[in-house]
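Worksheet: the structure to be examined is printed underneath.
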Amino acid sequence: MEYKKLGRTDVMIPTIGLGTWKYTGGIMPLRRGVDLGANLIDTAEMYKTESAVGDAISGMRNQVFIATKVSGSHIKYDEIMRAAERSLRELGVDSIDLYQVHWPNSSVPIGETMRAMEELVDVGVVKHIGVSNFGVRELEEARGMMSKYPIVSNQVLYNLNKREIERDLLYYCLENHITILAYTPLASGSLSKSANIMGGVRKLVGKNDLSPGGVLNTISAEVGKTPAQVALNWCTVHPNVVAIPKANTVKHTEENCDSVGWYLSEEQMRRLDRAFPLRNDPNVYYRG
Ligand code: NAP
């Protein structure tokens, strides 16, 4: 496993973490991931998987970096305090390594939210403060309200099909020492599915299949990795980006953990760039 600095802290987190939205894999996939060095587990009060994470890390709390989230609809001061208590109980731990605001909510003053987050650090319940689904403007506002601790991370959608953060958010975070936790890095599994389908088509149409799935498949064959591994490797090439794929099986977990520590060539990166261009998706809203 490869590790990167969390924000400006001295904490090192794995380039591949373990997502748990819709996680139903039980104890083994998460434990195997931790054994392989993917010791960041991401959950959220909204996912209802905190207790499954708690079960998986039982007896190995000190080896795991736990990231959870307070729902964006619970970010008034009192609500955050209650949500943090609930998360501790569900996880069966006495502190959260990274506590993230799941999404911005303009109906609650951001100063109130960030004051509560800072107080949770003061009392030792939370080690680091993060956010999720924040654009540049929302990050600026939140950071402007904080007096004691930095925002160390922003968890956002990033994969070959959804590159909107490359417009500005990725670079803003890089300049300001904010780690990006890339969510849905496998496009919910569709990247590897389309590449596998194109693998079959490739046999029929020959090598020069320039469709996105075809290019991903060809590059996978060139580097001797799977399409999912290439997609994760591409996603984490930036120095401040780690990815948190979800895997319900040990096999997928092992595959994902082996997606870093090797490099695509510049030419292969250029081919991926051409096959999966940055688009304007109005549904992805981290902009300005
Ligand atoms: P994802 O990780 O892109 O995709 C998960 C899908 O990919 C599952 O169907 C999984 O199958 C499959 N998969 C995993 N490894 C694979 C491999 N090596 N080969 C082929 N298929 C593979 O999608 P996601 O769950 O949406 O995103 C990951 C995590 O990001 C979430 O679990 C959550 O922690 C976080 N997230 C955060 C937000 C937010 O708003 N902050 C939103 C969405 C997600 P199996 O399950 O069968 O292994």
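Note that these values count all heavy atoms, side chains included, but never hydrogens, waters or copies made by symmetry. Just so you know, ligand 1 is whichever comes first in the structure, and atom 1 is the first atom listed for that ligand.
Applying the side chain to side chain donor-acceptor pair (under 3.5 Å) test between E50 and each of T43, T20, T68 identifies T68 as the sole match.
The cluster map of Ile, Leu, Val, Met, Phe, Trp and Tyr, joined by side-chain heavy atoms under 4.5 Å apart, puts V11 and L40 in the same cluster.
Salt-bridge annotation for R271 and E267: present, with a side-chain N of the basic residue lying under 4.0 Å from a carboxylate O of the acidic one.
Each ring pair (Phe, Tyr, Trp, His ring centres under 6.0 Å) pair with one or both residues in residues 239-272, not counting sequence neighbours, would appear here, but there are none. Among residue pairs with one or both ends in residues 146-168, those qualifying as ring pair (Phe, Tyr, Trp, His ring centres under 6.0 Å) are Y158-W234; sequence neighbours excluded.
At a heavy-atom cutoff of 4.0 Å, ligand 1 is surrounded by G19, T20, W21, D42, Y47, K69, H102, S132, N133, Q155, Y183, T184, P185, L186, A187, S188, G189, S192, A228, I244, P245, K246, A247, N248, T249, H252, E255, N256.
Shown here are the ring pair (Phe, Tyr, Trp, His ring centres under 6.0 Å) partners of H102, two or more places apart in sequence or in another chain: Y47.
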